[in-house]
Amino acid sequence: MDEKPPAAIRPHLDKLTLGVTRILETSPGVSDVTLVEKEPADRHAIISWEQKNACILPEDLKNFYLMTDGFQMTWSVKIDDTPMPLGSMVINSISKLCRLGGSSMYTVPNAPSLADLEDDTDEEGNEDKPEKPHFDSRSLIFELDPCNGNGKVCLVYKHTKPVVSPDTEIWFLDRALYWHFLTKTFTAYYRLLITHLGLPQWQYAFTSYGVSPQAKQWFNMYKPITINTTLLCEEADSFVNKLDPNKVFKSKNKTPVMKKKQPSQPAGVQKNNASMPSTKTSSLAGNYSRKRDPQI
């Protein structure tokens, strides 16, 4: 059930969306732009979360929760006058900021967990690539966004020993359980979320294999407000259709298509064509008879 706070909170939420609501509402084909407004998180709830998980929330994320306990904006496109959900921007509330890994997914003894996927041969990072998070006790991982089942955006504490370091990063965990670095701060990630308009699979633009061809079609129609727009679309210029939203969602007025009648052949041509096989046959018969009788 949507929570509607006092009107005093709305100006802050308008600033949080960076004007994206108005951009979407004026885009062709877009409908049902919905921003779920929520009350600020209770300061006691934030302190309880920190005590329970033995770590301190980054200051920018803490300030975000003190303004609104989570974030959710969705929008749809109309196809044949039927709304189809497309864009989704989500930040979990403080109560749903749950830890990943460590515990077993099942209650049976010796059941596997995400920590069992750890490989000692994994690269520990270098100057070009940051060290990847670990599912075991070396890292603390919390889910910020479930990404509609396409992966998970996570808040990661990479150094937990001897004590948990306050330094955090934002990483994307894809469906194959590979890690991809997104940003160093929550504020930077939030800007990415807003400027990519919550388009499907937008996080995959920051992976080595990129977004799917279907998602690229939506990227071409509703270009994200980001410097990566050209990079995301140019690779597929050879096979991605260039769709114009103004034409795609234009009202359809079907006009009758007149079938062209095939021109009939003149009667004289038909007679000549009909006589050609008999003429050829008689000629062949004459040649054959001359070959059989040498006296002729």
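Starting from 1, each residue takes its place in the sequence as its number.
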Less than 3.5 Å apart, which donor and acceptor atoms pair up between the side chains of residues 144-152 and the rest of the protein, not counting sequence neighbours?
residue	atom	partner	partner atom	Å
Asp145	OD1	Cys147	N	2.8
Asn150	ND2	Cys147	O	3.4
Lys152	NZ	Glu143	OE1	2.9

Exercise for the section: Write down the atom of Leu192, the atom of Thr195, and the distance for their closest heavy-atom approach. Expected result: O-OG1, 3.3 Å

Handout entry: Gap between atom NZ of Lys158 and atom NE2 of His134 - 0.5 Å precision
Key = 8.5 Å

Problem - Partners meeting side chain to side chain donor-acceptor pair (under 3.5 Å) with Asp60 (sequence neighbours left out) - result: Thr187

Problem - Sub-4.5 Å side-chain heavy-atom contact between Val211 and Trp202 - result: no

Exercise for the section: Give the C-alpha distance, both sets of side-chain angles, the deciding distance and a yes or no for side-chain contact (heavy atoms from CB on, under 4.5 Å) between Asn53 and Tyr157. Expected result: CA-CA 11 Å; Asn53 295 284; Tyr157 297 78; over 6 Å; no

Handout entry: Spatial distance of atom CD (Gln201) from atom CZ (Phe219) [nearest 0.5 Å]
Key = 8.5 Å

Exercise for the section: Heavy atoms only: give me the nearest Ile91-Tyr189 pair and the separation to one decimal. Expected result: CD1-CE2, 3.9 Å

Practice task
Please collect all salt bridge (Lys or Arg N to Asp or Glu O under 4.0 Å) contacts where either partner lies in residues 181-190, sequence neighbours excluded, each pair once.
Solution key: Glu169-Lys184

Handout entry: Same apolar cluster (I L V M F W Y, side chains within < 4.5 Å links), Leu177/Leu100
Key = yes

Practice task
With sequence neighbours excluded, give me every salt bridge (Lys or Arg N to Asp or Glu O under 4.0 Å) pair touching residues 201-212.
Solution key: none

Completion exercise
Contacts of Ser31 meeting side chain to side chain contact (heavy atoms under 4.5 Å, CB included) (sequence neighbours excluded), chain-then-number -> Ser76, Lys78, Pro83

Problem - Sub-6.0 Å ring centroid separation between Trp49 and Phe142 - result: yes

Problem - Summary of ring-ring contact (aromatic ring centres under 6.0 Å, His included) pairs that have at least one residue in residues 17-42, sequence neighbours excluded - result: none

Handout entry: Pair Asp167, His159: side-chain N/O donor-acceptor within cut-off below 3.5 Å
Key = no

Problem - Set of residues satisfying side chain to side chain contact (heavy atoms under 4.5 Å, CB included) with respect to Ala188, sequence neighbours excluded - result: Thr183, Thr185

Fill in the blank from the handout: side chain to side chain contact (heavy atoms under 4.5 Å, CB included) filter on Glu25, not counting sequence neighbours, yields Thr21, Val33

Handout entry: Residues that Arg175 engages under side chain to side chain contact (heavy atoms under 4.5 Å, CB included), provided they are two or more places apart
Key = Tyr204

Handout entry: All pairs passing side-chain hydrogen bond (donor to acceptor under 3.5 Å, both in side chains) where residues 87-97 contributes a residue, at least two apart
Key = Ser93-Ser95

Practice task
Group every Ile, Leu, Val, Met, Phe, Trp and Tyr by side-chain heavy-atom contacts under 4.5 Å, then state whether Met84 and Met73 land in the same group.
Solution key: yes

Fill in the blank from the handout: Rounded to the nearest 0.5 angstrom, the CZ-OG1 distance for Arg22 and Thr17 is 6.5 Å

Completion exercise
So CG of Leu199 and CE of Met221: to nearest 0.5 Å the spacing works out to 10.5 Å

Problem - Joint cluster assignment, Met89 & Leu18, ILVMFWY side-chain distance < 4.5 Å - result: yes

Problem - Set of residues satisfying side chain to side chain donor-acceptor pair (under 3.5 Å) with respect to Thr207, sequence neighbours excluded - result: none

Problem - Shared hydrophobic cluster for Ile94 and Val90 (ILVMFWY, side-chain gaps under 4.5 Å) - result: no

Problem - Contact check, side chains of Phe71 and Ile194, non-hydrogen atoms, under 4.5 Å - result: yes

Exercise for the section: State yes or no: do Leu66 and Ile56 share one hydrophobic cluster built from I, L, V, M, F, W and Y residues joined by side-chain heavy-atom distances below 4.5 Å, directly or via other members? Expected result: no

Problem - Geometric class of the Trp179/Phe135 ring pair [parallel <30°, tilted 30-60°, perpendicular >60°] - result: tilted

Exercise for the section: Grab the two heavy atoms, one from Thr168 and one from Pro58, that are nearest each other, plus how far apart they are. Expected result: OG1-CG, 3.6 Å

Completion exercise
Rounded to the nearest 0.5 angstrom, the NZ-CD1 distance for Lys62 and Ile46 is 7.0 Å

Problem - Phe172-Phe206 aromatic ring centre distance below 6.0 Å - result: no

Handout entry: Non-hydrogen side-chain atoms of Leu57 and Leu97 separated by less than 4.5 Å
Key = yes

Problem - side-chain contact (heavy atoms from CB on, under 4.5 Å) assessment of Thr74 paired with Asp32 - result: CA-CA 8 Å; Thr74 58; Asp32 300 338; over 6 Å; no

Fill in the blank from the handout: So salt bridge (Lys or Arg N to Asp or Glu O under 4.0 Å) across residues 188-204, not counting sequence neighbours, yields none

Problem - Side chain proximity check, Asn63 to Met67, heavy atoms < 4.5 angstrom - result: no

Exercise for the section: Anything under 30° is parallel, anything over 60° is perpendicular, the rest tilted; go ahead and classify Tyr222 against Trp218. Expected result: parallel

Fill in the blank from the handout: Separation between CG (Asp136) and CD1 (Ile141), nearest 0.5 Å, reads 8.5 Å

Exercise for the section: Walk me through it: do Val156 and Leu140 pass the test side-chain contact (heavy atoms from CB on, under 4.5 Å)? Expected result: CA-CA 6 Å; Val156 177; Leu140 287 178; over 6 Å; no

